[in-house]
Peer 1: 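Here you go, one structure.
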Amino acid sequence: MTKAYTPKEIEPKWQAKWDADGLYNSDIDESRPKHYALTMLPYPSGDLHIGHWYAMTPSDARARYMRMKGYNVLFPMGFDAFGLPAENAAIKSGIHPMVRTRDNIQRMRGQLRSMGAMFDWRREMVSCEPEYYKWTEWFFIQLYKKGLAYRKKSPVDFCPHCNTTLAREQVWGDDRHCERCNTPVIKKELSQWFLKTTQYADEMLRYEDIDWPERVKTLQTNWIGKSEGAEVYFEIDGDSIRDNSNLEAPNNEFSNIEDQITVFTTRPDTLWGATFMVFSPEHPLLEKITSPQQKAAVAAYQAQAARQSDIEREATDKEKTGVFTGAYAINPVNGAKIPIWIADYVLMSYGTGAIMAVPAHDERDFAFARKFELPIVPVIQPDGEPLLDGATMETAYSGGGLMINSGPFNGTSVNDKKGKDNPGLLAVAEWLEAKGLGKLAVTYKLRDWLVSRQRYWGAPIPMIYCEEHGWNPVPEEQLPVILPEDVAWKPTGESPLKLHPTWSKTSCPVCGGPATRETDTMDTFMCSSWYHLRYLSPWYNDGPFDEKEYNYWMPVDTYTGGIEHANMHLMYTRFFHKALRDAGITEGHEPMTQLRNQGMVLGEDNEKMSKSRGNVVAPDVLVDYYGADTVRAYLMFFARWEMGSAWDSHGIEGSARWVRRTWALFTDDVVHGSASPATLRGLRRAVHQTLKKITHDFEHFEFNTIISGLMSLLNELYKAREAGAAGSAEWQEALNIYARMMAPITPHIAEELWVNVLGKKYSVHTQPWPTVDEQAAKDEEITIPVQVNGKLRDRLTVPAEASEAEIKALALASESVQKQLEGHSPKKVIVVQKRLINIVV
RNA sequence: GGGGACGUGCUGGAAUUGGCAGACAGGCUUGACUUAGGAUCAAGUGCCGCGAGGCGUGCGGGUUCAAGUCCCGCCGUCCCCACCA
């Protein structure tokens, strides 16, 4: 009589025992190689989503596999608890974010436990608890001390009616209006804290030390956006110019010389064709250079640009707009006096905020020149084309060719390549440098990381402002700067901490006089940049982590999570690690040596899951109905992990059937039979071939084929049992290996079968991964397809060790081959050992 | 506009190095067992054709004895960046 499969009993039973025994506690053990498996931590929104399960289950299965392979595995879990969603939920519900977050975490812990994952809960971290954010603050101070944190004015969205700044998500609609009073927002300069991510731009472009998906590396590379070219200095013509030493390039270290304006160009070879300049409307120098006659027009244009949304401004197909400043610059290579315009197609945040415009060879400059009737002078002549004429050109020519109208460089050949790889361009840059007119230069799209948030629910920025001594960090012995709970965290548009009657009042660390705290909080990506370090020793109080633990466990060997963080968290954490390395806090160049991304689980309607669409799949319901093991198996089976797919509520039946059939195979009362030696050899072959395949697939994160491999083997086991294999030593070996192979995937049923059915020693999860018997896995006979002219005509079953000549002879003797040959003799016979034979007629 | 990924039966997907296309599932069809079934078991299921056979991995070319896989050119879907000088 078969015992029923009852996941509702088995699963909680083993979870409780594993917990009580500390089966998943990970401690330093120098005798074993370590493996730090990390999966991205959830945001405590209140409910574990099926997407969390999809991300975490294979990560857990692989961590378990690595453990069985003999590694000492650390697989921790925690909560990324600060941030806007919690604050917004609190505003809506009136419940304090701390109360709400702690409740949510409590509920999610239970959901996470129901997965049966091997998390070491002793190492849990919660980023909104003072024991954690004390060190987030401490890290900020270390970065500040290294000169990597600085305060700068930066444009933010500002509502002129409410007289306050707005967060990005408080700005609504295409016209970008204030969520409360509907007034269109404007950009306003506000002092904010930044981290110098740009200092590591070049290093972050190097990926030699890490095994990360090409996709992520490409995304990061594009985001960093390195451009090679040259900087060129233009003198400004006019009496009003004294100095522009306050002119600061936004990110990049350009040379700053008095009475000159520096531009960046990727095409210094077109410099002779620069017939005007364009400044960004926000350019600080405009105040000085604009002629009295143009002041009003320039101011009007600036106001209009400030009002425009980024989306409007950045629309590629928008007609060019701009205003003449009344000022002129001197083209340094030919002395031409060229007008300076302002236009919103030049961005203050990239390069130097000013460009030299070469309309003949740049599409945007061309459109601008045509609209405002500015001169177009071709300086690159494409090979084999009629001579370009600025008056009649219909489009800019941006390719290579021979330089013309370019003084000493006439006749020089330039190609399409960028930077130093273009000899013509390099020659011009070197010539400029020799004359002091410019030099080779590099610029990036990457901007420094703005970490200030005018919000309550975040780690306080541990800085103090004194009238006398400016900004200074909170003395480290005073950390943490506790986030006060008695704050009106309702939306006023102001930093809530600013409204607290006493919190911001403190004393200056330098003079002891009255001073104020920074009332902005940190971006939550700051918290998540180092959480993998806190897992090492969340109990440790003398530093962010215990060095002993760091030295044993770091770096993270396998990091799993969504690709949506490619340009945020995954950049920030690399930056953080490198900056901490330079501060002597961490070691090595990268925090996570291997990264793998899972795809997304869509709703059954093939749309992104959302409450409003009503297509959300609740894991708790599934676990209740099928048990966690079935849900785990289905999540690993139903799609290629890195691709993801739409949920299919029927499809899970297949996994449920597999689990039940497995249970039945192990627990059925079967009379021992007497199988033929061939059957038993076949059984062993199937077991060891599957083991080999599954081992390979675990190594390569190919989880769906692990399950299909096990399903196939199960079918084979049923056939072998039918053939009388039950009771044999081979049968016992098969069950023994099968239970261990499924242990990482379906940990509860595997444990139950291992301990209570096979009667083996607890626990299956501390067993070694079975080893492949290569001899047993070898095929005795193989089926070789026979093709004639590439088309399948027959199949031969031959002994595995059959020689090429034997196979060839058999193939040619085949009836259907003879029929195809029609008496002709084959032109060529190709025998691919053990794979295929192709006869060419 | 730039960058990237993908395109295989009704569906999810499989196919280690260029070597039997469609493994394993879901669904569907038929049958068995059953008071009943989202249970279990058995058989079938790429398309066309009565058949021999032919066709078949988005479309069109190419390389090769052999292409889902490599090369060239299109088409489509999705993602990221987007007036980046």
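Note that the coordinates shown come from a computational prediction; the quantities given were computed from them, not determined experimentally.
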Peer 1: How would you list, by chain and number, every residue that makes a side chain to side chain contact (heavy atoms under 4.5 Å, CB included) with A:Lys608, sequence neighbours excluded?
Peer 2: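 Residues passing side chain to side chain contact (heavy atoms under 4.5 Å, CB included) with A:Lys608: A:Met600, A:Arg613.
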Peer 1: Check salt bridge (Lys or Arg N to Asp or Glu O under 4.0 Å) between A:Glu214 and all other residues, then give those that pass, not counting sequence neighbours.
Peer 2: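 Listed in chain order: A:Lys217.
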Peer 1: I'd like to check the salt bridge (Lys or Arg N to Asp or Glu O under 4.0 Å) partners of A:Asp211; sequence neighbours left out, ordered by chain and number.
Peer 2: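 Listed in chain order: A:Arg596.
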Peer 1: I'd like to check the side-chain hydrogen bond (donor to acceptor under 3.5 Å, both in side chains) partners of A:Glu604; sequence neighbours left out, ordered by chain and number.
Peer 2: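 Expected list: A:Ser649.
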Peer 1: Name all residues meeting the side-chain hydrogen bond (donor to acceptor under 3.5 Å, both in side chains) criterion together with A:Ser406; count only those two or more places apart in sequence or in a different chain, and write none if there are none.
Peer 2: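 Scan of A:Ser406 (side-chain hydrogen bond (donor to acceptor under 3.5 Å, both in side chains), adjacent residues dropped) gives none.
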Peer 1: Do any side-chain nitrogens or oxygens of A:Lys828 fall under 4.0 Å of OP1 or OP2 in B:rA66?
Peer 2: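 So the side-chain polar atoms of A:Lys828 never come under 4.0 Å of the phosphate oxygens OP1 or OP2 of B:rA66.
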Peer 1: Give me the distance, rounded to whole Å, that separates B:rG46 from B:rA23 when you measure between the P atoms they each carry.
Peer 2: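 One P to the other, the span is 8 Å.
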Peer 1: Check every strand shown and say whether A:Trp658 touches a base, only sugar-phosphate, or nothing at a heavy-atom separation below 4.0 Å.
Peer 2: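 The residue A:Trp658 makes no contact with any strand.
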Peer 1: Which parts of nucleotides 42-47 of chain B does protein reach within less than 4.0 Å, heavy atoms only, written one letter per nucleotide 5' to 3' as B for base, S for sugar-phosphate only and - for none?
Peer 2: ------
Peer 1: Just the table, please: protein N/O against nucleotides 16-23 of chain B N/O, every pair under 3.5 Å.
Peer 2:
| unit_1 | atom_1 | unit_2 | atom_2 | d |
| --- | --- | --- | --- | --- |
| B:rC20 | O2 | A:Arg795 | NE | 2.6 |
| B:rC20 | O2 | A:Arg795 | NH2 | 2.6 |

Peer 1: Using salt bridge (Lys or Arg N to Asp or Glu O under 4.0 Å) as the criterion, list what pairs up with A:Arg661, not counting sequence neighbours.
Peer 2: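 In terms of salt bridge (Lys or Arg N to Asp or Glu O under 4.0 Å), with neighbours along the sequence ignored, A:Arg661 is linked to no residue.
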Peer 1: Mark yes or no for a side-chain to base donor-acceptor pair under 3.5 Å between A:Tyr634 and B:rG26, with no hydrogen or angle criteria applied.
Peer 2: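 No, no donor-acceptor pair under 3.5 Å.
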Peer 1: Using a 4.0 Å heavy-atom cut-off, does A:Gly225 contact any base of the nucleic acid, only the sugar-phosphate backbone, or nothing at all?
Peer 2: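 Result for A:Gly225 = nothing.
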Peer 1: How would you list, by chain and number, every residue that makes a side-chain hydrogen bond (donor to acceptor under 3.5 Å, both in side chains) with A:Glu699, sequence neighbours excluded?
Peer 2: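 Partners of A:Glu699 under the side-chain hydrogen bond (donor to acceptor under 3.5 Å, both in side chains) test: A:Tyr65.
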Peer 1: With a 4.0 Å cut-off on heavy atoms, is A:Gly322 in touch with a base, just the backbone sugar-phosphate, or nothing at all?
Peer 2: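 The answer is nothing, as A:Gly322 stays clear of every strand by at least 4.0 Å.
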Peer 1: Ignoring hydrogens and angles, answer whether the base of B:rC65 and the side-chain atoms of A:Lys827 contain a donor-acceptor pair closer than 3.5 Å.
Peer 2: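 Such a pair does not exist between side chain and base.
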Peer 1: Please determine if a side-chain N or O atom of A:Arg657 lies less than 4.0 Å away from the OP1 or OP2 oxygen of B:rU40.
Peer 2: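 Yes, A:Arg657 has a side-chain N/O under 4.0 Å of OP1/OP2 on B:rU40.
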Peer 1: Hey, does A:Tyr626 reach any base, or is it just sugar-phosphate, or nothing, if we go heavy atoms under 4.0 Å?
Peer 2: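 Result for A:Tyr626 = base.
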Peer 1: A:Asn715 near the nucleic acid: base, sugar-phosphate alone, or nothing, with a heavy-atom cut-off under 4.0 Å?
Peer 2: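 Sugar-phosphate: the residue A:Asn715, judged by heavy atoms under 4.0 Å, touches backbone atoms but no base.
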Peer 1: Looking at residues at least two apart in the chain, or sitting in another chain, which of them share a side-chain hydrogen bond (donor to acceptor under 3.5 Å, both in side chains) with A:Arg215?
Peer 2: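 With neighbours one apart ignored, the set is empty.
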Peer 1: In this structure, how many angstroms lie between the P atom of B:rC81 and the CZ atom of A:Arg447, rounded?
Peer 2: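 Taking atom P of B:rC81 as the reference, CZ of A:Arg447 is at 12 Å.
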Peer 1: Could you tell me whether A:Glu722 and A:Lys719 have a side-chain N and a carboxylate O separated by less than 4.0 Å?
Peer 2: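 The answer is no: the pair does not qualify as a salt bridge.
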Peer 1: Look at all strands and tell whether A:Lys217 reaches a base, only sugar-phosphate, or nothing, counting heavy atoms closer than 4.0 Å.
Peer 2: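 The residue A:Lys217 makes no contact with any strand.
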Peer 1: Who are the side chain to side chain contact (heavy atoms under 4.5 Å, CB included) partners of A:Val621, not counting sequence neighbours?
Peer 2: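 Testing A:Val621 for side chain to side chain contact (heavy atoms under 4.5 Å, CB included), a comparison that skips the adjacent residues, returns A:Ala618.
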Peer 1: Given pairs defined as Watson-Crick or G-U wobble with both distances under 3.5 Å, what dot-bracket annotation applies to RNA chain B, with ( ) intrastrand, [ ] crossing, | other strand and . unpaired?
Peer 2: (((((((..(((......[....)))((((((.......))))))(((....)))..(((((..]....))))))))))))....
